[in-house]
Colleague: 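Mind looking over this structure? Questions follow.
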Amino acid sequence: MFYKEKGFYISLACGIVALVAFAAICMNLMSDDTGNSDESPIVAEATPTPAPTKEPETEDVLSQDVLPEVAQPTKKPKAKATPKAVETDVKPVKNKLHFDQEAGLLWPVNGEVLMEYSADKVVYFKTLAQYRTNPAMLIAAKKGTEVKASADGEVTEITTSEETGRTLTMDIGDGFSVVYGQLSDIAVQKGDRVSEGQVIGKVADPTKYYTVEGTNLYYQIKENDETVNPMVLLR
(Lines give C-alpha, C1' and ligand atoms only; values in the text may rest on other atoms or scores of the structure.)
Protein backbone atom coordinates (compact mmCIF):
# COMPACT_ATOMS: atom_id res chain seq x y z
CA MET A 1 0.00 0.00 0.00
CA PHE A 2 2.86 2.36 0.90
CA TYR A 3 4.68 1.58 -2.27
CA LYS A 4 1.62 2.18 -4.33
CA GLU A 5 1.11 5.62 -2.78
CA LYS A 6 4.83 6.46 -3.24
CA GLY A 7 4.66 5.58 -6.91
CA PHE A 8 1.65 7.73 -7.36
CA TYR A 9 3.35 10.79 -5.93
CA ILE A 10 6.41 10.22 -8.06
CA SER A 11 4.28 10.05 -11.19
CA LEU A 12 2.42 13.15 -10.13
CA ALA A 13 5.65 15.05 -9.54
CA CYS A 14 6.97 13.99 -12.95
CA GLY A 15 3.78 15.14 -14.57
CA ILE A 16 3.99 18.51 -12.83
CA VAL A 17 7.59 18.93 -13.91
CA ALA A 18 6.63 18.05 -17.47
CA LEU A 19 3.80 20.59 -17.39
CA VAL A 20 6.07 23.27 -15.99
CA ALA A 21 8.67 22.50 -18.67
CA PHE A 22 6.07 22.57 -21.40
CA ALA A 23 4.69 25.83 -20.07
CA ALA A 24 8.18 27.30 -20.00
CA ILE A 25 8.79 26.21 -23.58
CA CYS A 26 5.51 27.79 -24.69
CA MET A 27 6.29 31.02 -22.91
CA ASN A 28 9.73 31.15 -24.61
CA LEU A 29 8.12 30.59 -27.99
CA MET A 30 5.56 33.25 -27.35
CA SER A 31 8.25 35.73 -26.21
CA ASP A 32 10.28 34.98 -29.38
CA ASP A 33 7.26 35.63 -31.57
CA THR A 34 6.55 38.86 -29.72
CA GLY A 35 10.19 40.06 -30.10
CA ASN A 36 10.25 39.25 -33.79
CA SER A 37 7.02 41.16 -34.33
CA ASP A 38 8.78 44.44 -33.26
CA GLU A 39 11.52 43.97 -35.81
CA SER A 40 10.85 45.27 -39.34
CA PRO A 41 10.71 42.53 -41.88
CA ILE A 42 13.78 42.31 -44.06
CA VAL A 43 12.99 43.82 -47.44
CA ALA A 44 15.22 43.09 -50.36
CA GLU A 45 16.81 46.25 -51.71
CA ALA A 46 15.29 47.15 -54.99
CA THR A 47 17.66 47.32 -57.92
CA PRO A 48 17.83 50.98 -59.07
CA THR A 49 16.00 51.51 -62.30
CA PRO A 50 18.43 52.73 -64.95
CA ALA A 51 17.77 56.33 -66.11
CA PRO A 52 16.27 56.45 -69.53
CA THR A 53 18.74 57.37 -72.23
CA LYS A 54 18.20 61.00 -73.36
CA GLU A 55 17.39 61.15 -76.98
CA PRO A 56 18.99 64.01 -78.94
CA GLU A 57 16.74 66.97 -79.25
CA THR A 58 15.21 67.16 -82.64
CA GLU A 59 15.55 70.97 -82.87
CA ASP A 60 19.31 70.87 -82.14
CA VAL A 61 19.91 68.13 -84.71
CA LEU A 62 17.89 69.94 -87.34
CA SER A 63 19.50 73.29 -86.66
CA GLN A 64 23.03 71.87 -86.78
CA ASP A 65 22.99 69.10 -89.36
CA VAL A 66 19.84 69.28 -91.42
CA LEU A 67 19.10 72.96 -91.97
CA PRO A 68 21.38 74.66 -94.50
CA GLU A 69 23.58 77.48 -93.26
CA VAL A 70 22.10 80.90 -93.76
CA ALA A 71 24.47 83.10 -95.72
CA GLN A 72 25.56 86.07 -93.66
CA PRO A 73 25.47 89.44 -95.42
CA THR A 74 28.90 90.34 -96.74
CA LYS A 75 30.32 93.42 -95.08
CA LYS A 76 31.72 95.89 -97.53
CA PRO A 77 35.23 96.96 -96.67
CA LYS A 78 35.42 100.48 -95.43
CA ALA A 79 36.87 102.86 -97.91
CA LYS A 80 40.25 104.08 -96.84
CA ALA A 81 40.25 107.72 -96.02
CA THR A 82 42.41 109.78 -98.28
CA PRO A 83 45.22 111.14 -96.14
CA LYS A 84 45.08 114.87 -95.79
CA ALA A 85 48.00 116.86 -96.93
CA VAL A 86 50.15 117.70 -93.97
CA GLU A 87 50.91 121.35 -93.73
CA THR A 88 54.50 122.06 -92.92
CA ASP A 89 56.64 125.12 -92.56
CA VAL A 90 59.19 123.71 -94.97
CA LYS A 91 59.58 126.04 -97.90
CA PRO A 92 60.73 124.90 -101.34
CA VAL A 93 64.44 125.24 -101.86
CA LYS A 94 65.24 128.23 -104.05
CA ASN A 95 68.01 128.23 -106.59
CA LYS A 96 71.18 129.75 -105.29
CA LEU A 97 71.74 133.30 -106.45
CA HIS A 98 74.80 134.08 -108.52
CA PHE A 99 76.09 137.49 -109.57
CA ASP A 100 78.21 137.61 -112.70
CA GLN A 101 80.56 140.54 -112.19
CA GLU A 102 81.71 140.46 -115.79
CA ALA A 103 78.12 140.83 -117.01
CA GLY A 104 77.72 143.77 -114.64
CA LEU A 105 74.58 145.57 -113.48
CA LEU A 106 71.65 147.15 -115.27
CA TRP A 107 71.12 150.86 -114.65
CA PRO A 108 68.02 151.13 -112.40
CA VAL A 109 66.98 154.48 -113.97
CA ASN A 110 68.28 156.58 -116.83
CA GLY A 111 69.61 159.88 -115.50
CA GLU A 112 72.54 162.10 -114.66
CA VAL A 113 74.77 161.28 -111.74
CA LEU A 114 74.14 164.11 -109.28
CA MET A 115 76.65 162.91 -106.70
CA GLU A 116 79.33 160.30 -107.22
CA TYR A 117 80.35 157.55 -104.86
CA SER A 118 83.14 158.76 -102.58
CA ALA A 119 84.33 156.54 -99.72
CA ASP A 120 87.95 157.71 -99.68
CA LYS A 121 87.43 161.47 -99.74
CA VAL A 122 84.74 163.90 -98.71
CA VAL A 123 82.37 165.63 -101.15
CA TYR A 124 80.14 168.62 -100.72
CA PHE A 125 76.46 168.06 -99.87
CA LYS A 126 74.53 171.11 -101.03
CA THR A 127 71.43 170.55 -98.89
CA LEU A 128 73.50 169.89 -95.76
CA ALA A 129 76.06 172.54 -96.73
CA GLN A 130 78.87 170.32 -95.54
CA TYR A 131 81.53 167.95 -96.73
CA ARG A 132 81.27 164.28 -95.98
CA THR A 133 81.92 160.91 -97.56
CA ASN A 134 79.28 159.43 -99.84
CA PRO A 135 78.78 155.62 -99.59
CA ALA A 136 76.37 155.62 -102.55
CA MET A 137 75.63 157.55 -105.73
CA LEU A 138 72.67 159.79 -106.54
CA ILE A 139 71.05 159.32 -109.97
CA ALA A 140 68.77 162.13 -111.11
CA ALA A 141 65.21 161.04 -112.02
CA LYS A 142 61.78 162.64 -112.05
CA LYS A 143 59.27 161.78 -109.37
CA GLY A 144 57.28 158.67 -110.37
CA THR A 145 60.01 157.27 -112.62
CA GLU A 146 59.98 153.46 -112.55
CA VAL A 147 62.94 151.85 -110.79
CA LYS A 148 64.16 148.53 -112.21
CA ALA A 149 66.13 145.76 -110.56
CA SER A 150 69.77 145.85 -111.63
CA ALA A 151 70.13 142.03 -111.42
CA ASP A 152 68.31 138.87 -110.44
CA GLY A 153 67.96 138.75 -106.68
CA GLU A 154 65.85 138.36 -103.56
CA VAL A 155 64.37 141.15 -101.46
CA THR A 156 65.91 140.87 -98.01
CA GLU A 157 64.77 144.09 -96.35
CA ILE A 158 62.37 147.01 -96.79
CA THR A 159 62.85 149.83 -94.29
CA THR A 160 62.24 153.55 -93.82
CA SER A 161 65.19 155.84 -93.13
CA GLU A 162 65.27 159.56 -92.30
CA GLU A 163 68.03 160.06 -94.86
CA THR A 164 67.04 157.66 -97.66
CA GLY A 165 63.26 157.39 -97.10
CA ARG A 166 61.66 154.13 -98.18
CA THR A 167 64.62 151.85 -98.82
CA LEU A 168 64.79 148.38 -100.38
CA THR A 169 67.72 145.99 -100.09
CA MET A 170 68.19 143.08 -102.49
CA ASP A 171 70.61 140.14 -102.32
CA ILE A 172 72.02 139.36 -105.78
CA GLY A 173 74.34 136.50 -104.80
CA ASP A 174 78.02 135.86 -104.07
CA GLY A 175 78.02 138.34 -101.19
CA PHE A 176 76.73 141.28 -103.26
CA SER A 177 73.64 143.34 -102.43
CA VAL A 178 72.00 146.43 -103.92
CA VAL A 179 70.29 149.22 -101.93
CA TYR A 180 67.62 151.41 -103.55
CA GLY A 181 66.62 154.52 -101.56
CA GLN A 182 64.05 157.35 -101.85
CA LEU A 183 61.38 155.01 -103.30
CA SER A 184 57.61 155.11 -103.46
CA ASP A 185 54.99 152.58 -104.57
CA ILE A 186 57.22 149.58 -103.82
CA ALA A 187 55.89 146.66 -105.87
CA VAL A 188 57.64 143.75 -104.13
CA GLN A 189 57.80 142.32 -100.63
CA LYS A 190 60.46 140.88 -98.40
CA GLY A 191 61.37 137.38 -99.55
CA ASP A 192 60.29 137.92 -103.16
CA ARG A 193 62.54 136.72 -105.96
CA VAL A 194 63.05 139.46 -108.53
CA SER A 195 64.34 139.26 -112.08
CA GLU A 196 66.71 141.73 -113.68
CA GLY A 197 64.77 144.61 -115.25
CA GLN A 198 61.64 143.99 -113.12
CA VAL A 199 60.02 147.16 -111.76
CA ILE A 200 60.43 147.26 -108.00
CA GLY A 201 59.05 150.76 -107.28
CA LYS A 202 59.11 154.43 -108.28
CA VAL A 203 61.17 157.51 -107.49
CA ALA A 204 59.75 159.48 -104.58
CA ASP A 205 60.18 163.08 -103.39
CA PRO A 206 63.68 163.63 -102.00
CA THR A 207 64.18 163.53 -98.25
CA LYS A 208 65.31 166.61 -96.33
CA TYR A 209 68.89 165.50 -96.87
CA TYR A 210 68.63 166.01 -100.65
CA THR A 211 66.06 168.73 -101.32
CA VAL A 212 68.55 171.02 -103.03
CA GLU A 213 69.91 168.21 -105.19
CA GLY A 214 66.38 167.48 -106.41
CA THR A 215 64.51 164.21 -107.00
CA ASN A 216 66.88 161.29 -107.36
CA LEU A 217 67.44 157.59 -106.69
CA TYR A 218 69.79 156.73 -103.86
CA TYR A 219 71.79 153.79 -105.25
CA GLN A 220 74.32 151.77 -103.25
CA ILE A 221 76.28 148.54 -103.87
CA LYS A 222 77.75 146.37 -101.09
CA GLU A 223 80.06 143.37 -101.15
CA ASN A 224 80.07 141.48 -97.86
CA ASP A 225 78.66 144.61 -96.19
CA GLU A 226 81.47 146.82 -97.55
CA THR A 227 80.41 149.58 -99.94
CA VAL A 228 81.58 149.36 -103.55
CA ASN A 229 81.69 152.03 -106.26
CA PRO A 230 78.58 151.32 -108.43
CA MET A 231 80.25 152.82 -111.49
CA VAL A 232 82.69 149.88 -111.51
CA LEU A 233 79.83 147.36 -111.96
CA LEU A 234 77.20 149.27 -113.97
CA ARG A 235 77.25 148.46 -117.68
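Keep in mind that what you see is a predicted model, and the values were worked out from it rather than measured.
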Colleague: Under a single-linkage rule joining Ile, Leu, Val, Met, Phe, Trp and Tyr whose side-chain heavy atoms are separated by less than 4.5 Å, which residues share a cluster with Tyr131?
Modeller: Val122, Tyr124
Colleague: Take atom CD of Glu116 as the centre, draw a 6.0 Å sphere, and report whether it contains more than 12 heavy atoms from other residues, nucleotides or ligands.
Modeller: no
Colleague: Where is the tightest heavy-atom contact between Val203 and Lys142, given as atom of each residue plus distance?
Modeller: CB-O, 3.5 Å
Colleague: With clusters defined by side-chain heavy atoms of hydrophobic residues (ILVMFWY) lying less than 4.5 Å apart, directly or transitively, does Val194 cluster with Leu234?
Modeller: yes
Colleague: State the OG1-CG distance between Thr133 and Asp120, to the nearest 0.5 angstrom.
Modeller: 9.5 Å
Colleague: Do the side chain of Arg235 and the main chain of Ala103 share a donor and acceptor less than 3.5 angstrom apart?
Modeller: yes
Colleague: Is there a path of hydrophobic side-chain contacts, each under 4.5 Å between heavy atoms of I/L/V/M/F/W/Y residues, joining Val179 to Leu138?
Modeller: no
Colleague: Taking the side chain as everything from C-beta on, heavy atoms only, tell me whether Thr169 gets closer than 4.5 Å to Val178.
Modeller: no
Colleague: With Asp174, which of Gln101, Glu223, His98 fulfils side chain to side chain contact (heavy atoms under 4.5 Å, CB included)?
Modeller: His98
Colleague: What are the two closest non-hydrogen atoms of Ile139 and Gly111, and how far apart are they?
Modeller: CG2-O, 3.8 Å
Colleague: With ring pair (Phe, Tyr, Trp, His ring centres under 6.0 Å) as the rule and sequence neighbours excluded, what pairs involving residues 156-197 come up?
Modeller: Phe99-Phe176, Tyr180-Tyr219
Colleague: Could you tell me whether the side chains of Thr127 and Glu213 share a donor-acceptor contact shorter than 3.5 Å?
Modeller: yes
Colleague: Taking 4.0 angstrom as the limit, do Lys202 and Glu146 come out as a salt bridge?
Modeller: no
Colleague: If only atom types and distance count, is the side chain of Thr207 paired as donor or acceptor with the main-chain N or O of Glu163 below 3.5 Å?
Modeller: yes
Colleague: So, Thr164 side chain and Ser161 main chain: donor-acceptor pair closer than 3.5 Å or not?
Modeller: no
Colleague: Let me check something: do Leu105 and Leu97 share a hydrophobic cluster, defined by ILVMFWY side-chain heavy atoms less than 4.5 Å apart, either directly or through other members?
Modeller: no
Colleague: Check this for me: Glu226, atom CD, are more than 12 non-hydrogen atoms of other residues, nucleotides or ligands nearer than 6.0 Å?
Modeller: no
Colleague: Leu217 vs Leu183, test: side-chain contact (heavy atoms from CB on, under 4.5 Å). Steps then yes/no.
Modeller: CA-CA 7 Å; Leu217 174 69; Leu183 294 177; 3.8 Å; yes
Colleague: Donor-acceptor pair, Thr215 side chain versus Ala141 backbone, under 3.5 Å?
Modeller: yes
Colleague: Taking all heavy atoms of Ile200 and all of Met170, pick out the closest pair and write down the distance.
Modeller: CG2-CE, 4.2 Å
Colleague: Could you measure the distance from the CG atom of Asp225 to the OG atom of Ser177? Nearest 0.5 Å is fine.
Modeller: 6.5 Å
Colleague: Supply the atom-to-atom distance Thr227 OG1 to Asn134 CG, rounded to the nearest 0.5 angstrom.
Modeller: 9.5 Å
Colleague: Side chain of Asp152, backbone of Ile172: donor and acceptor closer than 3.5 Å?
Modeller: no
Colleague: Would you call Tyr117 and Val228 a side-chain contact if the rule is heavy atoms closer than 4.5 Å?
Modeller: no
Colleague: side-chain contact (heavy atoms from CB on, under 4.5 Å), that's the test. Do Val123 and Ser118 meet it? Break it down for me.
Modeller: CA-CA 7 Å; Val123 295; Ser118 180; 3.6 Å; yes
Colleague: When clusters are formed by joining ILVMFWY residues with side-chain heavy atoms under 4.5 Å apart, either directly or through shared neighbours, do Val109 and Leu233 land in the same one?
Modeller: yes
Colleague: Minimum heavy-atom separation for Leu106 and Ala149, please, with both atom names.
Modeller: CD2-O, 3.7 Å
Colleague: Would you give the length of the straight line joining atom NZ of Lys208 to atom OG1 of Thr211, rounded to the nearest 0.5 angstrom?
Modeller: 10.5 Å
Colleague: Side chains of Gln182 and Asn216: is there a donor and an acceptor less than 3.5 Å apart?
Modeller: yes
Colleague: Show your reasoning for whether side-chain contact (heavy atoms from CB on, under 4.5 Å) applies to Met137 and Met115.
Modeller: CA-CA 6 Å; Met137 63 183 284; Met115 187 176 293; over 6 Å; no
Colleague: Hey, mind stepping through Glu196 and Lys148 against salt bridge (Lys or Arg N to Asp or Glu O under 4.0 Å) and telling me if it holds?
Modeller: CA-CA 7 Å; Glu196 180 182 303; Lys148 299 177 181 179; over 6 Å; no
Colleague: Closer than 3.5 angstrom, by distance alone: can the side chain of Thr167 be matched with the main-chain N or O of Gly165 as a donor-acceptor pair?
Modeller: yes
Colleague: Is the shortest heavy-atom distance from the side chain of Val188 to the side chain of Leu168 under 4.5 Å?
Modeller: yes
Colleague: Considering only heavy atoms from C-beta outward, does the side chain of Gln189 approach that of Val155 to under 4.5 Å?
Modeller: no
Colleague: For a 4.5 angstrom cut-off between non-hydrogen side-chain atoms, does Pro135 reach Gln220?
Modeller: yes
Colleague: Please name all residues satisfying ring-ring contact (aromatic ring centres under 6.0 Å, His included) with Tyr210, sequence neighbours left out, ordered by chain then number.
Modeller: none
Colleague: How long is the straight-line distance from CD of Glu154 back to CG of Asp171, given to the nearest 0.5 Å?
Modeller: 7.0 Å
